[in-house]
Amino acid sequence: MAHSPSLLTATPQQPMLLVCTSAAPAQRAEIDHLIENVRSLLNPVVQIMRVSDSTHPEVVRSFGFTVLPAFVLLQQGLELWRYSGPIDSADLFRQLGYQMQQPSFTFINSQLI
């Protein structure tokens, strides 16, 4: 799947959690809180980037999401995990924690040790 390279190649080795959101104020506030919780545990191991469907609709469309918010975990341009729909901090941490245990996360695992 081709994605917008300009937004997704800031640090090629570092995994990135892309958070696609709508411009709705209520969703924005909820996602801001969620991102801060995730950032407090995963920074600097995982870069987190928010992409609004009103600011970068081409990026959101490139992933084919029909429900927002949506989350995509990328590393070296490869999509490792995705989730679409509301999610709370505990579920997001659980999902990301599971992904960090996968062989594709060798880079992260070496950074955490």
Side-chain angles (χ1 to χ4, degrees):
M1 180 179 286
H3 303 297
S4 178
S6 61
L7 287 174
L8 306 180
T9 57
T11 311
Q13 293 293 322
Q14 185 179 21
M16 176 185 297
L17 178 63
L18 186 67
V19 182
C20 299
T21 64
S22 73
Q27 186 180 93
R28 184 175 181 87
E30 183 178 321
I31 294 301
D32 282 345
H33 182 69
L34 181 66
I35 288 173
E36 286 310 309
N37 286 341
V38 172
R39 198 171 268 141
S40 71
L41 288 179
L42 297 179
N43 191 33
V45 176
V46 176
Q47 181 181 3
I48 300 170
M49 180 181 289
R50 172 206 294 268
V51 178
S52 171
D53 66 344
S54 63
T55 307
H56 297 288
E58 71 285 353
V59 174
V60 176
R61 272 195 308 267
S62 76
F63 287 96
F65 291 122
T66 56
V67 175
L68 297 177
F71 306 84
V72 182
L73 189 60
L74 302 161
Q75 186 173 23
Q76 295 180 332
L78 297 175
E79 183 177 319
L80 303 175
W81 172 81
R82 71 168 42 212
Y83 181 86
S84 185
I87 190 168
D88 62 30
S89 295
D91 286 340
L92 184 57
F93 290 137
R94 193 170 18 263
Q95 289 292 327
L96 293 174
Y98 174 77
Q99 293 304 319
M100 289 178 179
Q101 300 304 315
Q102 301 306 306
S104 58
F105 266 83
T106 304
F107 173 77
I108 290 178
N109 290 333
S110 68
Q111 292 293 316
L112 292 174
I113 296 174

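FYI, the numbering just counts along the sequence from 1.
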Between Thr55 (side chain) and Ser52 (backbone), is there a donor-acceptor pair under 3.5 Å?
no
Side chains of Val38 and Leu92: closer than 4.5 Å at any heavy-atom pair?
yes
Rounded at 0.5 Å granularity, tell me how far CG in Leu17 sits from CE in Met49.
11.0 Å
What closest approach, in Å, do Pro15 and Val45 show between heavy atoms, and which atom pair accounts for it?
CD-O, 3.5 Å
Could you tell me which non-hydrogen atom of Gln47 sits nearest to which non-hydrogen atom of Gln14, and how far apart they are?
N-NE2, 3.6 Å
I need the minimum non-hydrogen distance between Gln27 and Pro69, along with the two atoms involved.
NE2-CD, 3.2 Å
Report yes if some heavy atom in the side chain of Phe65 is under 4.5 Å from a heavy atom in the side chain of Val72; otherwise report no.
yes
Would you indicate whether the side-chain heavy atoms of Thr21 and Asp53 approach each other to under 4.5 Å?
no
Give a yes or no on whether Leu41 and Ile87 share a hydrophobic cluster (residues Ile, Leu, Val, Met, Phe, Trp, Tyr; joining criterion: side-chain heavy atoms under 4.5 Å apart).
yes
With the threshold set at 4.0 Å, does a side-chain nitrogen-carboxylate oxygen contact exist between Arg61 and Glu58?
no
Look at the side-chain heavy atoms of Ile, Leu, Val, Met, Phe, Trp and Tyr, link any pair under 4.5 Å apart, and say whether Phe71 and Val67 land in one connected group.
no
Is any side-chain heavy atom of Leu18 less than 4.5 Å from a side-chain heavy atom of Phe63?
yes
Working note: Leu96 + Leu73, criterion side-chain contact (heavy atoms from CB on, under 4.5 Å); need CA distance, chi angles, decisive distance, verdict.
CA-CA 8 Å; Leu96 293 174; Leu73 189 60; 4.0 Å; yes
Which value, rounded to the nearest 0.5 Å, describes the distance between Arg28 atom CZ and Ser54 atom OG?
8.0 Å
Got a donor-acceptor contact below 3.5 angstrom from the Arg39 side chain to the Ile48 backbone?
yes
Exercise: identify the closest heavy-atom pair between Gln95 and Trp81:
OE1-NE1, 3.2 Å
Quick one: are Leu80 and Leu74 in side-chain contact, heavy atoms under 4.5 Å?
no
Sub-4.5 Å side-chain heavy-atom contact between Asn37 and His33
yes
For Leu34 versus Ser89, what's the shortest heavy-atom pair and its separation?
CD1-OG, 3.3 Å
